[in-house]
Amino acid sequence: MARPSVLVVVLPIVLATLLATANAQDYTAPTPSPLPDTPTPPPPPPPPESSSTAPPPASQPPPAASSSPPPPSPPPPAYSSPPPPPPPASNWTPVANVKDPKIQQVAQFAVRIHALSSTELNMQLQIVVSGETQPCNGGYNYRLLITVSGGKNTQYEAFVWGILGTTSWKLLSFTPKY
């Protein structure tokens, strides 16, 4: 039986290695796209100014020799800053009229959603005792003290976030007041 030539065995390995190396040098990894809800990080701060002044841009003529100080450096480039943080929790505004149809609608939403997610299906809104609102993320937080019938308790504190005139509403909590 004839032995295969070393050239027949080694040549395919050498060619495969050369091709892999050539392809690896041409390969550039794709840059990942940022997620839509992820804020972009701010650019790094500009380097500190050194004691020597930078040469003027080519489009401006050189400054005339005078005893006045050099002009101030231009402001750093503007970039889009992340959205402002939510307002502090201390800016709650009392609801002036708890019989306002909008406040009644928010309370009705809270009772219905709680009733659907619990065993208290026959719970009905009786009155809104008091309430507070707070601007938050393009909508409002509503903290309402309500009286219901058909529940295990008669008074609950409902915490709702929503945007009036839309279907963007969330019942954040519905806790009994003992």
Side-chain angles (χ1 to χ4, degrees), residues 29-51 53-54 56-57 59-60 68-178:
T31 58
S33 62
L35 297 175
D37 294 340
T38 307
T40 57
E49 292 184 24
S50 62
S51 60
T53 59
S59 63
Q60 294 179 348
S68 64
S73 61
Y79 61 90
S80 100
S81 61
S90 63
N91 66 346
W92 287 92
T93 305
V95 172
N97 179 11
V98 293
K99 293 183 180 182
D100 181 333
K102 294 173 187 172
I103 298 300
Q104 293 292 317
Q105 187 176 11
V106 172
Q108 191 70 269
F109 166 81
V111 171
R112 287 181 180 169
I113 296 301
H114 175 72
L116 287 173
S117 65
S118 71
T119 58
E120 303 172 292
L121 291 175
N122 59 349
M123 183 182 285
Q124 297 290 319
L125 174 67
Q126 295 299 306
I127 62 168
V128 178
V129 177
S130 64
E132 297 175 305
T133 62
Q134 174 192 50
C136 180
N137 294 336
Y140 282 89
N141 286 330
Y142 297 87
R143 189 165 45 195
L144 305 174
L145 181 60
I146 58 176
T147 301
V148 299
S149 64
K152 294 177 186 172
N153 298 298
T154 56
Q155 278 200 339
Y156 290 85
E157 182 177 82
F159 188 57
V160 177
W161 174 87
I163 303 173
L164 289 174
T166 69
T167 56
S168 297
W169 289 91
K170 292 180 184 177
L171 176 63
L172 302 173
S173 70
F174 196 87
T175 55
K177 298 302 276 185
Y178 297 103

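Quick caveat: nothing in here was measured; it's all calculated off a predicted structure.
Contact check for Y140 versus V160: no side-chain heavy atoms found under the 4.5 Å cut-off. Put simply, the side chain of P135 reaches to within 4.5 Å of the side chain of N91, judged on heavy atoms. Using a 4.5 Å heavy-atom cutoff, the side chains of E157 and L144 are not in contact. The side-chain heavy atoms of V129 and I127, taken from C-beta on, include a pair separated by under 4.5 Å.
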(request) Please assess N141 against T133 for the test side-chain contact (heavy atoms from CB on, under 4.5 Å), listing each intermediate value before the final yes or no. (result) CA-CA 6 Å; N141 286 330; T133 62; over 6 Å; no

(request) Test side-chain contact (heavy atoms from CB on, under 4.5 Å) on F159 and L171 and set out the steps. (result) CA-CA 6 Å; F159 188 57; L171 176 63; over 6 Å; no

(request) Take Q104 and L125 through the test side-chain contact (heavy atoms from CB on, under 4.5 Å) and record every step on the way to the result. (result) CA-CA 9 Å; Q104 293 292 317; L125 174 67; 4.0 Å; yes

(request) Any chance you could lay out the side chain to side chain donor-acceptor pair (under 3.5 Å) test for Q126 and S149, step after step, and finish with the verdict? (result) CA-CA 7 Å; Q126 295 299 306; S149 64; 2.8 Å; yes

(request) Determine, stepwise, if the pair W169 / V106 fulfils side-chain contact (heavy atoms from CB on, under 4.5 Å). (result) CA-CA 9 Å; W169 289 91; V106 172; 3.7 Å; yes

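Put simply, the residue from Y142, Y156, F109 that forms a ring pair (Phe, Tyr, Trp, His ring centres under 6.0 Å) with F174 is Y156. The only member of M123, H114, Q155 that meets side-chain contact (heavy atoms from CB on, under 4.5 Å) when paired with V148 is M123.
Without hydrogens or angle criteria, T166 side chain to S168 main chain gives a donor-acceptor distance under 3.5 Å. Side-chain atoms of W161 come within 3.5 Å of backbone atoms of C136 as a donor-acceptor pair (strictly under, hydrogens ignored).
Considering all non-hydrogen atoms of both residues, V128 and V98 come closest at O-CG2, 3.4 Å.
A distance of 13.5 Å separates CD of Q108 from CD1 of I103, quoted to the nearest 0.5 Å.
The salt bridge (charged side-chain N to carboxylate O under 4.0 Å, His left out) analysis of residues 127-139, with sequence neighbours excluded, yields the pairs E132-R143.
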